[in-house]
Amino acid sequence: MSDMRPIEEEARRATAAAATTRYGEAINRYLTAGGYRGAAVPRPPAHRTATGVVVVGVDETPTSYTAVDHAAVEAELRGWDLRLVHVQHSYEISQAAKVAGEDLLSYLAERVHAAAPGMRVSRRLAVGAAAPLLLAEAYNADLVVVGHRHRATGVAFGLSVADRVAAHHTGPVLVVRVPDWPPELGFGSRPLVAGVDDDTPPGVLAFAVAEATARGCDLVVLHAGVAGAATHRAAAVAGVSEVRLVPGDPLPALVEASGQAAAVVVGRRGPGCVAEALLGSVSRGLVQHARCPVFLVR
């Protein structure tokens with residue numbers, strides 16, 4: 001199991017400022033915890049919904065631990081359940097490997113309960129190929145969360161587990177790409193950024209508005225193309241704080257904006273992508289280069 005103490009010490013040092021949004025308060029509670037078995041400041045249980053589950057794929061890497069924190073925050077903001085899924089490869093089958101996997105899941109569940117004692121957390125240990133098993137576990141999930149990089153064995157034919165889950169899951173996927181984690185001061189108060197164009201499905205902006213509302217943060221929309229009816233419609237949507245026009249290829253602008261965003265929301269596929277095939281050029285480019293987590297929405 002990776003030693004997270006240096007990362008946690010840096011997180012505690014870097015997040016001394018008070019949070020200014022619901023999201024900021026929640027994420028700072030994880031970042032300022034005294035360790036994976038440390039005593040975070042308890043929070044009263046969130047209002048629960050009748051249905052709702054966030055599924056997160058976990059392994060023994062620090063990136064995966066960060067993904068668990070983000071998944072737990074998303075579940076807390078909505079009052080949903082959290083399910084931790086750890087997949088071991090078939091060649092790892094042994095009693096020792098099974099015990100190590102169960103210990104990892106217990107370790108991460110304790111981490112979540114230290115910061116959110118009222119959250120319902122379930123655990124699942126599976127054996128096989130990571131992406132197909134995560135997709136099966138997340139079939140009816142309201143949100144799936146994966147780290148940008150699983151272990152090297154999770155990559156095949158140039159595609160990571162995150163690429164495969166994001167391309168094929170039928171619901172929203174959060175890819176936790178945080179190369180500068182722990183973040184700078186004020187991360188929790190950053191806006192949410194949504195990338196849209198005239199062909200973007202309406203569900204993308206609707207998801208972004210709902211996410212910004214749950215977080216209590218501003219929503220900035222980057223509209224690719226020229227000003228027109230779609231631009232005015234986006235500006236008129238309740239919950240949108242600002243609309244910026246992006247001429248030409250939107251990817252560079254979205255990557256740049258990600259450096260000052262808490263997360264980016266984009267549609268999963270671009271024009272010409274076959275259904276159930278790979279990610280569109282913009283969405284895959286963000287998964288590879290964004291400087292914050294990325295929501296991929298149908």
Side-chain angles (χ1 to χ4, degrees), residues 23 26-27 30 45-59 63-88 101 104-105 108-109 111-113 115-116 118-148 150 154 159-177 192 201 203-204 206-215 263-269 275-276 278-279 283 287 293-298:
Y23 171 80
I27 198 69
Y30 288 87
H47 171 71
R48 306 206 62 79
T49 58
T51 60
V53 61
V54 178
V55 170
V56 55
V58 307
D59 59 31
T63 298
S64 178
Y65 296 166
T66 303
V68 171
D69 286 357
H70 282 267
V73 168
E74 293 299 319
E76 179 183 324
L77 291 176
R78 293 163 179 76
W80 290 350
D81 295 342
L82 178 67
R83 186 186 309 156
L84 310 176
V85 180
H86 175 53
V87 179
Q88 295 179 333
L104 173 66
L105 290 168
L108 293 173
R111 164 70 169 180
V112 173
H113 282 142
M119 186 176 298
R120 287 200 294 251
V121 182
S122 60
R123 294 168 279 179
R124 168 88 164 114
L125 178 63
V127 177
L133 284 171
L134 274 175
L135 286 166
E137 284 290 328
Y139 179 72
N140 291 319
D142 298 271
L143 176 67
V144 179
V145 181
V146 288
H148 168 58
H150 269 47
L159 300 176
S160 69
V161 171
D163 291 330
R164 292 173 178 272
V165 171
H168 296 291
H169 180 58
T170 57
V173 175
L174 174 59
V175 179
V176 179
R177 177 177 171 79
L192 193 70
V204 174
F207 178 91
V209 169
E211 180 68 21
T213 300
R215 292 178 176 221
V264 175
V265 181
V266 291
R268 196 163 312 183
R269 296 182 177 86
E276 301 305 321
L278 303 180
L279 300 178
S283 52
V287 168
V294 179
F295 286 98
L296 301 172
V297 183
R298 284 189 186 278

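- Shortest non-hydrogen contact noted between H70 and V176 is CD2-CG1, 3.7 Å.
- Considering every non-hydrogen atom in both A67 and G147, the closest pair reads CB-N, 3.9 Å.
- Of the possible polar contacts, none joining the D142 side chain to the V54 backbone as a donor-acceptor pair under 3.5 Å is found.
- Side-chain atoms of H148 come within 3.5 Å of backbone N or O of V287 as a donor-acceptor pair.
- Between atom NE2 of residue H86 and atom CZ of residue R123 there is a gap of 13.0 Å, rounded to the nearest 0.5 Å.
- The closest donor-acceptor contact from the side chain of R111 to the backbone of Y30 lies under 3.5 Å.
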Would you check, one step at a time, whether the test side chain to side chain contact (heavy atoms under 4.5 Å, CB included) holds for T63 with R177?
CA-CA 8 Å; T63 298; R177 177 177 171 79; over 6 Å; no

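- The main-chain N or O of H169 is found under 3.5 Å from a side-chain atom of R268 such that the two form a donor-acceptor pair.
- The two residues L174 and P293 make their nearest non-hydrogen contact at CD1-CB, 3.7 Å.
- Screening V55, L296, L134 for a side chain to side chain contact (heavy atoms under 4.5 Å, CB included) involving V165 leaves a single residue, L134.
- Between L192 atom CG and Y23 atom OH the span is 9.5 Å, to the nearest 0.5 Å.
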Please evaluate residues V56 and L84 with respect to the criterion side chain to side chain contact (heavy atoms under 4.5 Å, CB included), reporting the C-alpha separation (whole Å), side-chain torsions for both, the decisive distance (0.1 Å), and the verdict.
CA-CA 5 Å; V56 55; L84 310 176; 3.4 Å; yes

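- The heavy-atom pair separating L82 from M119 by the smallest distance is CB-SD, 3.9 Å.
- In this structure a side-chain-to-backbone donor-acceptor pair under 3.5 Å is present from R83 to E137.
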